[in-house]
Amino acid sequence: HVQLVESGGGLVQAGGSLRLSCAASGRTFSSYAMGWFRHAPGNEREFVEAMTGGGTRTDNTSSVKGRFTISRDGTKNTVYLQMNSLKPEDTAVYYCAADTGLAVLRVGSPAYWGQGTQVTVSS
């Protein structure tokens, strides 16, 4: 079965860094866009970043621009989110997602979701 599994979340102080990983299995994802959403308590789910198998990236949202960087490995079955200069408002459950293109993924209706990994940033 298709599965996306996130890892790498944890507790970090403001200004610190974390790298999230998402390992995909169950089908070929090389032609799929993969990326990240986050969901904080009391807030709506928010798109973060995504990337195609060919290397095209979305522009960063205003809240993470210049701080977060998405990447994928050579097999295209793992996607990463390098998070630097973390702020308390970055605290959320971060979800990996995949779909056939950047546009459909970004609007929040991806075909596949992971289970999420908790990121907590203390002040």
Could you tell me if the side chain of [Y] sits less than 4.5 Å from the side chain of [X], heavy atoms only?
{"X": "Y80", "Y": "T69", "value": "no"}
{"X": "T117", "Y": "Y95", "value": "no"}
{"X": "R67", "Y": "K87", "value": "yes"}
{"X": "V104", "Y": "S109", "value": "yes"}

Which atom of [X] lies closest to which atom of [Y], heavy atoms considered:
{"X": "A111", "Y": "D99", "answer": "N-OD2, 2.9 Å"}
{"X": "A23", "Y": "T78", "answer": "CA-OG1, 4.2 Å"}
{"X": "E49", "Y": "T58", "answer": "CA-OG1, 3.7 Å"}
{"X": "Q82", "Y": "S17", "answer": "NE2-CB, 4.0 Å"}
{"X": "A14", "Y": "P88", "answer": "CB-CD, 4.1 Å"}

What's the separation between atom [atom1] in [X] and atom [atom2] in [Y], rounded to the nearest 0.5 Å?
{"X": "E6", "Y": "C96", "atom1": "CD", "atom2": "SG", "value": "5.5 Å"}
{"X": "R106", "Y": "F37", "atom1": "CZ", "atom2": "CZ", "value": "9.5 Å"}
{"X": "D90", "Y": "E46", "atom1": "CG", "atom2": "CD", "value": "9.0 Å"}

I'd like to know whether L102 forms a side-chain contact (heavy atoms from CB on, under 4.5 Å) with T52, so could you lay out the CA-CA distance, the side-chain angles of the two residues, the decisive distance to 0.1 Å, and finally the verdict. CA-CA 7 Å; L102 289 174; T52 68; 3.5 Å; yes
Whichever hydrophobic residues join [X] through chains of side-chain contacts under 4.5 Å:
{"X": "V5", "result": "none"}
{"X": "V107", "result": "none"}
{"X": "W36", "result": "V2, L4, V12, L18, L20, F29, Y32, M34, V48, M51, V64, F68, I70, V79, L81, M83, L86, Y94, Y112, V119, V121"}

Distance-only side-chain donor-acceptor flag, S63 / R38, under 3.5 Å: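 Result is yes, a qualifying pair exists.
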Hey, is the main chain of G26 close enough, under 3.5 Å, to the side chain of Q3 for a donor-acceptor pair?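 Not confirmed, Q3 side chain does not pair with G26 backbone.
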